[in-house]
Amino acid sequence: MWWLEAGGKGDGEIKEVREMFMNGAIARNSLVPLQLNKEHSTRIEEEVRRIKKEHPEDDGAIENDRVKGYLKVTRAFGAGFLKQTNLIVSNICVLFLSLCFCYQPKWNDALLEMFRIDYIGTSPYITCSPSLCHHKLTSRDKFLILSSDGLYEYFSNQEAIFEVESFISAFPEGDPAQHLIQEVLLRAANKYGMDFHELLEIPQGDRRRYHDDISLIVISLEGRIWRSSM
């Protein structure tokens, strides 16, 4: 069986896994994660080079492995203070684009002084342009995990698909996405030597020191319907 998971490296890895499967290097009953998109973070050298190329006059475009010293993510809908545009458009277009969070001109100027960055040039530091990958579904594809990077602070690709498979086998109508989030919280609590419920009692803003925010959806490619208890 093949299992799909979003969050990673792109066509090269998919082709490599396909070849391994066809050549028998991967057993036909193995669970194989396919990372469908490259990671959008400063951990990926290609992303770092892109940002530096777009800001050749800014030596501080990447500081401490973060974009302008603030964010590790390199592509996002929000983070308006790291985006700016030199487009000359009508007020209506500016409003529309700002609501879409793709182009947010001069948002950096509207921030409190302590949060402002030294914005050099007009190109965005953080872009909302996605990386695209095409994969033709087959009968071996079982589910798709769409997640922000917070999941992968505590899970590898293989661990994530194992958790989903184990959960849906035990609880066919349960919500595997909710289960994964609960497992992240449990691992975060264990990492910092506290009880699960102790972690939940920490105010959400302060909890960012222990785990990142997580947006997560698990989509069945077999027509399964999962019910959340939230």
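The closest donor-acceptor contact from the side chain of K68 to the backbone of D118 lies under 3.5 Å.
Note on F162: it does not cluster hydrophobically with L144, by side-chain heavy-atom contacts below 4.5 Å among ILVMFWY residues.
Residues L151 and V184 share a closest heavy-atom pair of CD1-CG2, 3.7 Å. Residue N157 comes nearest to Y152 through the heavy atom pair OD1-CE2, 3.6 Å, listed as atom of the first residue, atom of the second, then distance. When all heavy atoms of A76 and I126 are compared, the closest pair comes out as N-CG2, 3.6 Å. Residues L180 and L216 approach most closely at CB-CD2, 3.5 Å, considering heavy atoms. Taking each heavy atom of K83 and Y119 in turn, the nearest pair found is C-OH, 3.2 Å. Taking both residues in full, the closest heavy atoms of I145 and A160 are given as CD1-CB, 4.2 Å, listed atom of the first, atom of the second, then distance.
Below 30°, between 30° and 60°, or above 60°: for H55 and Y125 the angle between ring planes is below 30°, a parallel geometry.
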Exercise for the section: Test W226 against Q178 for side chain to side chain contact (heavy atoms under 4.5 Å, CB included), laying out the working first. Expected result: CA-CA 10 Å; W226 294 313; Q178 181 180 334; over 6 Å; no

Practice task
Let me see the working for E163 and I161 under side chain to side chain contact (heavy atoms under 4.5 Å, CB included), right down to the final yes or no.
Solution key: CA-CA 5 Å; E163 283 291 337; I161 64 169; over 6 Å; no

Exercise for the section: With side chain to side chain contact (heavy atoms under 4.5 Å, CB included) as the test, would you mind laying out the steps for T127 and E54 before giving the verdict? Expected result: CA-CA 11 Å; T127 179; E54 293 172 351; 6.0 Å; no

Contacts under 3.5 angstrom, residues 190-203 side chains, donor-acceptor by atom type, not counting sequence neighbours:
residue: N190; atom: ND2; partner: L186; partner atom: O; Å: 3.3
residue: D195; atom: OD2; partner: H197; partner atom: N; Å: 2.9
residue: E198; atom: OE2; partner: D195; partner atom: N; Å: 2.8

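A 4.5 Å side-chain heavy-atom check between T42 and T74 finds at least one atom pair inside the cut-off. Taking the side chain as every heavy atom from C-beta outward, Y154 and E183 never approach each other to under 4.5 Å.
For the 3.5 Å distance criterion, the side chains of Q158 and S156 fail to qualify, holding no donor opposite an acceptor. Between the side chains of H211 and E153, no donor N or O sits under 3.5 Å from an acceptor N or O.
Interatomic distance, CG of D212 versus CZ of R207, reported as 12.0 Å (0.5 Å rounding). Taking CZ of R224 as the reference point, atom CD1 of I168 lies at 4.5 Å (rounded to 0.5 Å). Note that the CG atom of L221 and the NZ atom of K142 stand 9.0 Å from one another [nearest 0.5 Å]. Between atom CD1 of residue I62 and atom NZ of residue K72 there is a gap of 9.5 Å, rounded to the nearest 0.5 Å. Distance NE2/H40 to SG/C128: 11.5 Å, rounded to 0.5 Å. Between the CG atom of L34 and the SG atom of C133 there is a distance of 9.0 Å, given to the nearest 0.5 Å.
Other residues, nucleotides and ligands contribute at most 12 non-hydrogen atoms within 6.0 Å of the CG atom of N64. With a 6.0 Å radius and a threshold of 12 heavy atoms from other residues, nucleotides or ligands, E57 has its CD atom at or below the threshold.
S148 meets the side-chain contact (heavy atoms from CB on, under 4.5 Å) test with I214, S215; sequence neighbours excluded. Residues passing the salt bridge (charged side-chain N to carboxylate O under 4.0 Å, His left out) test with E47 are K38, R50, R75, sequence neighbours excluded.
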